[in-house]
Amino acid sequence: MIGVGKIKQYSNVLDKPLSKGKQEVSLSAFAFLFSELVQYNQTQVDNIAELERRLEDAGYAVGARVLELLCHRDKGNRRETRLLGILSFVHSTVWKVLFGKVADSLEKGTEHEDEYMISEKELLVNRFISIPKDMGTFNCGAFVAGIVRGVLDGAGFPAVVTAHFVPVEGQQRPRTTILIKFAEEVLRREARLG
């Protein structure tokens, strides 16, 4: 019979499972596109802070879409409701989908109760970037910080997310730390849920 077989037809592209098909994008293609994104935004701004903000905004849009996709496909439209659950989701699931591996570390800040850090030894967006001396502390990790902020904001955990270089003794390149500072309302809700 024609049309009878074991191949399942999907009515919607969002219904296709993540594990089917090749999920990787060529590293050189990504590096080229990301380089073009940085160069385009660099021509549109006057200072480094504005460039990082624009990269963060671009990342925010990606993060919002990644959250929707992963919640729909993997979790049956359910989202995390607890602080540690969403942090673990970002640290493991989101990171693995975007970068092919779990982030190097997830830590709670020692000075402030509302701060968490995701650290990466060699963040993909910083791997092929050479920063001119006149750009000082410019960090392309702002794009990833925007992705994290988009995921957290979409899940109902508003936060200020920034990317920072942290020097590592004995290594030429610093590690990138994504600093997450949650809004006060998130901490109050977490305390209520208890």
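Throughout, numbering of the chain's residues begins at 1 and tracks the sequence.
- Cluster membership for Phe89 and Leu84, using ILVMFWY side-chain heavy atoms within less than 4.5 angstrom, is shared.
- When all heavy atoms are compared, the tightest approach of Pro158 to Val186 is CD-CG2, 3.5 Å.
- Placement of Phe30 and Leu55 within a single hydrophobic cluster is found when ILVMFWY residues are connected by side-chain heavy-atom separations under 4.5 Å, directly or transitively.
- Residue Ile180 holds its CD1 atom at 11.5 Å from CG of Asp114, rounded to the nearest 0.5 Å.
- A distance-only check finds no donor-acceptor pair linking the side chain of Glu56 to the backbone of Ala145 [under 3.5 Å].
- Under the 4.0 Å criterion applied to side-chain N and carboxylate O atoms, Glu120 and Arg127 are not assigned as salt-bridge partners.
- The backbone N or O of Val45 lies less than 3.5 Å from no partner atom in the side chain of Glu50, so there is not a single donor-acceptor pair.
- Side chain of Ser88 to main chain of Gly85: no donor-acceptor pair is present (N/O by atom type, distance under 3.5 Å, no hydrogens or angles).
- Residues that satisfy the ring pair (Phe, Tyr, Trp, His ring centres under 6.0 Å) test with Phe32, not counting sequence neighbours, are absent from this structure.
- Closest approach of Arg175 and Ser105 over heavy atoms only: NH2-OG, 4.0 Å.
- Residues Val97 and Leu27 share a hydrophobic cluster, clusters being chains of Ile/Leu/Val/Met/Phe/Trp/Tyr side chains in contact below 4.5 Å.
- The structure places CG of Asn126 at 9.0 Å from CG of Leu124, a figure rounded to the nearest 0.5 Å.
- Both Leu87 and Val144 are assigned to one and the same hydrophobic cluster, defined by single-linkage of ILVMFWY side chains at heavy-atom distances under 4.5 Å.
- For Arg188, the side chain to side chain contact (heavy atoms under 4.5 Å, CB included) partners at least two apart in sequence or on another chain are Glu184, Glu185.
- When the options Ile118, Asp104, Leu123 are evaluated for a side-chain contact (heavy atoms from CB on, under 4.5 Å) with Thr176, the one that passes is Leu123.
- Judged purely by atom type and a 3.5 angstrom limit, His91 uses its side chain to pair as donor or acceptor with the backbone of Ala103.
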Going through the checks in order, is the side chain to side chain contact (heavy atoms under 4.5 Å, CB included) test met by Val38 and Phe138? CA-CA 11 Å; Val38 172; Phe138 172 64; 4.2 Å; yes
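- Residue pairs meeting the ring pair (Phe, Tyr, Trp, His ring centres under 6.0 Å) criterion with at least one member in residues 99-127, sequence neighbours excluded: Trp95-Phe99, Tyr116-Phe182.
- The two residues Phe34 and Cys140 come nearest to each other via the heavy atoms CE2-CB, 3.8 Å.
- Under a hydrophobic clustering in which Ile, Leu, Val, Met, Phe, Trp and Tyr are joined whenever their side-chain heavy atoms come within less than 4.5 Å, directly or via other members, Leu152 and Met117 fall into different clusters.
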